[in-house]
Amino acid sequence: MRKIRTAAIGAATLSLALAATACGGGSATGGGSNDSPRTLTYWASNQGASISVDQKVLKPELDKFEQRTGIKVKLEVVPWSDLLNRILTATTSGQGPDVLNIGNTWSASLQATGALLPWDAANFAKIGGKDRFVDSALGSTGAQGKDPAAVPLYSMSYALYYNKQLFAEAGIAKPPVTWDELVADGKKIEAKGRNGLGAEGANLSNNIHQVFVLAQQHGADFFTPDGRPDFTSDGAVAAVKQYVDLMAKDKVVGQSNAEYAQNQSLSDFAKGKTAMVLWQTASATFKSLGMKDSEWGVAPAPVQSGTPGAGAQVNSMVAGINMAVFKNTHNLDGAASFVKFMTSDEEQKILNTAYGSIPSVKAAQAHPAFNSPSTAVLRQTLATSARALPQVPDESQFETAVGTAVKELFADAAAGRTVTTESVKARLGKAEQQMPAK
């Protein structure tokens with residue numbers, strides 16, 4: 001997951017990046033070459049329970065790539081707390097990796113800097129063609145009408161994970177389908193001395209993911225159809241208040257969760273301290289934390305009423321990780337070969353199995369390994385009830401500004417300060433003012 005520093009830093013850095021692009025020229029957006037054909041630098045996002053887990057997963061695969069191509073890949077696994085700002089700094093300085101992972105929600109924002117290699121038909125042909133990838137994954141690769149800024153690598157969706165033993169002890173026969181049911185079940189769990197639901201209140205991007213889905217359920221969005229911020233609509237305010245109220249009013253999220261930003265809620269869940277958590281593809285993390293597959297269950301994330309589906313029944317954002325190439329790489333051919341390798345059917349099976357995610361490549365997704373009960377829920381959600389976050393240039397600033405507002409509201413709730421509709425609207429209004437002027 002992602003923890004981004006401050007709205008001011010994120011917005012200012014991206015503004016500089018956009019300014020550099022607008023002026024034209026400069027190493028950040030210059031053309032690439034093949035001056036260094038034997039090496040690549042790769043920034044991988046932290047997908048596993050820790051950076052060391054990612055290194056163990058990735059190193060054998062990178063060694064395999066080197067054996068096949070003679071190209072050595074210098075790996076750095078970058079924590080989500082640093083990733084966006086490091087990428088934005090690299091877009092202005094030109095001192096970045098050759099290949100990098102990006103959160104798919106950032107695709108349009110980073111595309112707008114002009115620093116990433118566009119994946120036009122010719123570049124897609126180098127990796128086997130665009131039609132190899134599932135449509136939902138391609139929908140979060142950049143602005144509509146433009147060549148994608150990145151290639152899908154891992155696909156994910158949110159689901160509700162629940163502790164079977166804690167449910168049984170509280171007399172809960174089945175996982176909740178609606179938010180009212182979740183709150184009711186959470187209170188039963190709380191009465192038994194455990195936390196009902198885990199959250200990562202200081203994790204800006206996770207905050208965005210949750211309130212975006214709730215906004216969809218309230219018939220709202222955080223942007224107008226022409227891409228302008230719209231953070232204070234009734235539906236957006238209701239969404240943020242409903243999420244924060246899980247701690248402030250309903251008391252099913254522990255106050256300590258206001259400070260969580262580094263998967264602490266998953267650790268609490270694995271240790272039996274918390275009965276439920278909303279997360280993307282968490283099975284591999286639970287296993288690394290010592291939890292047996294038989295100890296937890298998975299169900300679609302809740303909706304307001306009825307069952308998950310389209311429109312107001314959306315219950316997840318289209319989550320995922322994309323691979324991008326800096327346009328000024330000194331190993332253009334090697335970068336294309338590496339992307340082809342990482343998105344090959346073989347590697348998609350290996351990597352997505354290791355992380356518990358869903359392949360972004362059609363042939364790999366059809367493999368029996370991704371038809372387990374846990375992955376079936378994720379696949380069904382992606383196919384029927386997930387929606388991509390707005391692919392607009394200001395998306396990363398939106399994550400920072402609104403994500404911070406939600407973090408501050410959780411801090412208010414943890415401190416015992418009353419969270420009202422008016423206070424939520426005021427925080428969101430302040431966040432909207434931090435967005436770049438149109």
Exercise. Do side-chain atoms of Lys327 reach the backbone of Gly114 as a donor and acceptor pair under 3.5 angstrom?
Worked result: yes
Exercise. Residues two or more places apart in sequence or in another chain: which of them pass side chain to side chain contact (heavy atoms under 4.5 Å, CB included) with Asp245?
Worked result: Lys241, Ala248, Lys249, Asp250
Problem set entry | Under 3.5 Å donor-acceptor, Gln111 side chain and Pro148 backbone | no
Exercise. Got a sec: does the NZ of Lys340 have more than 12 other heavy atoms crowding it under 6.0 Å?
Worked result: no
Exercise. More than 12 foreign heavy atoms under 6.0 Å from CG of Asp120: is that the case here?
Worked result: yes
For this session: Using the six-membered ring wherever Trp is involved, compare the ring planes of His367 and Phe370 and label them parallel, tilted or perpendicular (cut-offs 30° and 60°).
Result: perpendicular
Exercise. What heavy-atom pair brings Val303 and Gln313 nearest, and what distance separates the two atoms?
Worked result: CG1-O, 3.3 Å
Exercise. Does NZ belonging to Lys72 count more than 12 external heavy atoms closer than 6.0 Å?
Worked result: no
Problem set entry | Spacing of Leu116 atom CG and Thr141 atom OG1 [to the nearest 0.5 Å] | 11.5 Å
Exercise. Testing Tyr161, Phe286, Tyr260 for ring pair (Phe, Tyr, Trp, His ring centres under 6.0 Å) with Phe269, which one passes?
Worked result: Phe286
Exercise. Angle class for the Phe398/Phe231 ring planes (parallel below 30°, perpendicular above 60°, tilted otherwise)?
Worked result: tilted
Problem set entry | Distance flag, aromatic centroids of Trp43 and Trp80, threshold under 6.0 Å | no
